[in-house]
2 protein chains.
Amino acid sequence: MGQKGEAKRVQIVKAANDLFYKQGFGATSFADIAKASGLPKGNFYFYFPSKDSLLNAVLDDRVQSLQSKLQSFEHNYATPRERLLRLAEMPIKDFENITRYGCPMGSLSSELGKCCEELETRTIEMFDVLKNWIAGQLTEMGQSPAASQATARHILTTMQGAALMAYTYGDPVWIEDTVAHMKATIAAL
Amino acid sequence: MGQKGEAKRVQIVKAANDLFYKQGFGATSFADIAKASGLPKGNFYFYFPSKDSLLNAVLDDRVQSLQSKLQSFEHNYATPRERLLRLAEMPIKDFENITRYGCPMGSLSSELGKCCEELETRTIEMFDVLKNWIAGQLTEMGQSPAASQATARHILTTMQGAALMAYTYGDPVWIEDTVAHMKATIAAL
DNA sequence: GTCTATACCTTGATAGAC
DNA sequence: GTCTATCAAGGTATAGAC
């Protein structure tokens, strides 16, 4: 596949990523992606054998974004506590999107679980990246591996709940309260 | 509408309720409901003018179930703390369904938010019933109205997060840990 | 490699017989 | 009131021209 082909592939994934987030995977048709990307819809099947395959590419992209984000935390902040605090307040910065479209990981996971189990396992991958990174920070802070996992689960659970409720009510107050609570918890660890 | 007609209506709502929970609203077709209820699909439009209308009937049913459940808590347990503890441990009893299909309220809310805003407001109704009941118990325990609302939001947020994560991972540990944590919080109030 | 045209299926909804 | 047959629309996916 040539240079131009790769660029087009990226273009498709980019448009699909956005639409899968804002409309959901099932509600997004190839016609939608064609309109958003400016590419004719028959072309997609040259790059992706199926819609599921396209979603897989989108998930690859999201995992990579998440990993580089976490890496930037490690680079920019010296202590694990500081890193976790920055992570916890991320939903504040993104509250508009979360309130309107939900958490990119949580809402997709919720949707895929109902229809396609194979794809659901891919979303677990994404959550695992985040969970294990959080647990790693906690271990670095002196928690045992088991305790780190439990605390990481607690943090993920709370943030996902906040995103879902803020999305349901269309009100960021659910995020604000939860983030404040979470930051206090982390600071006290 | 006669007696038999009403019975059939209930039968349709019952089958739809189950399928909307286990497969999702969008993924459930009239053909599915026909197969599950044993009724021919062309018949549905005599009872419901549209699929949305059927969902509304399902939501009415769920709200009523929820309200009678909460009423039974009031009847069976003397103190608000006891009632909240019983509510908090409900997901434990239902962990198998939640792990497989998610929370009936949360997963539906997540799905509807992406497609139909009018129906999304109906799910808020359901959450409000629960939220305001929890807040009422907390007020009875001496919390101020504002604090009661904030605590009720916190409880709802946490339980929804636990349901979503248990569903995503297909693992009830997310529920067990969260319920234990929640019960400790309530007991300490 | 790129794009058009279209096949084929499933969906929600309707028309009309009984 | 109840049910069968069918419609129009929109979906994914494919065939094949260029």
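By convention in this document, chain letters (A, B, ...) are assigned in the order of the sequence lines, proteins followed by strands, and residues within each chain are numbered from 1. None of these values were measured; they are calculated from a predicted model. The figures that follow rest on heavy atoms only: side chains count, while hydrogens, waters and symmetry mates do not.
The side chain of A/Y47 places no N or O atom within less than 4.0 Å of a non-bridging phosphate oxygen (OP1 or OP2) of C/dG1. Contact check, B/N43 against D/dC3: a side-chain N or O comes under 4.0 Å of OP1 or OP2. At the phosphate of D/dG11, OP1 or OP2 sits under 4.0 Å from a side-chain N or O atom of A/S29.
Side-chain contact annotation: A/T139 with A/S148, donor-acceptor N/O pair under 3.5 Å present. Using a 3.5 Å distance cut-off with no hydrogens or angles, the side chains of B/Q11 and B/S37 do not pair a donor with an acceptor.
For A/F46 and C/dT2, the CZ to C1' distance is 8 Å, given to the nearest whole Å. Atom CG in B/L54 sits roughly 12 Å away from atom C1' in C/dG12 (whole-Å rounding). Separating the CD atom of A/Q23 from the C1' atom of D/dG11 is a distance of 14 Å, rounded to the nearest angstrom. Taking atom CZ of residue A/F44 and atom P of nucleotide C/dG1, one finds them 18 Å apart after rounding to whole Å. Distance A/L39 CG to C/dT2 P: 9 Å, rounded to the nearest Å.
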For this session: Sugar-phosphate means primed atoms, P, OP1 and OP2; the rest is base. With that split, encode nucleotides 13-18 of chain D 5' to 3' as B, S or - using protein heavy atoms under 4.0 Å.
Result: BB----

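Contact check on A/R86 versus A/E82 returns a salt bridge, with a Lys/Arg side-chain nitrogen under 4.0 Å from an Asp/Glu carboxylate oxygen.
No donor-acceptor distance shorter than 3.5 angstrom exists from the side chain of A/Q160 to the backbone of B/L164, with no hydrogens or angles considered. Judged purely by atom type and a 3.5 angstrom limit, A/T99 uses its side chain to pair as donor or acceptor with the backbone of A/F95. A donor-acceptor pair under 3.5 Å is formed between the side chain of A/K114 and the backbone N or O of B/Y21.
Within 4.0 Å (heavy atoms only), B/S53 reaches no atom of the nucleic acid at all.
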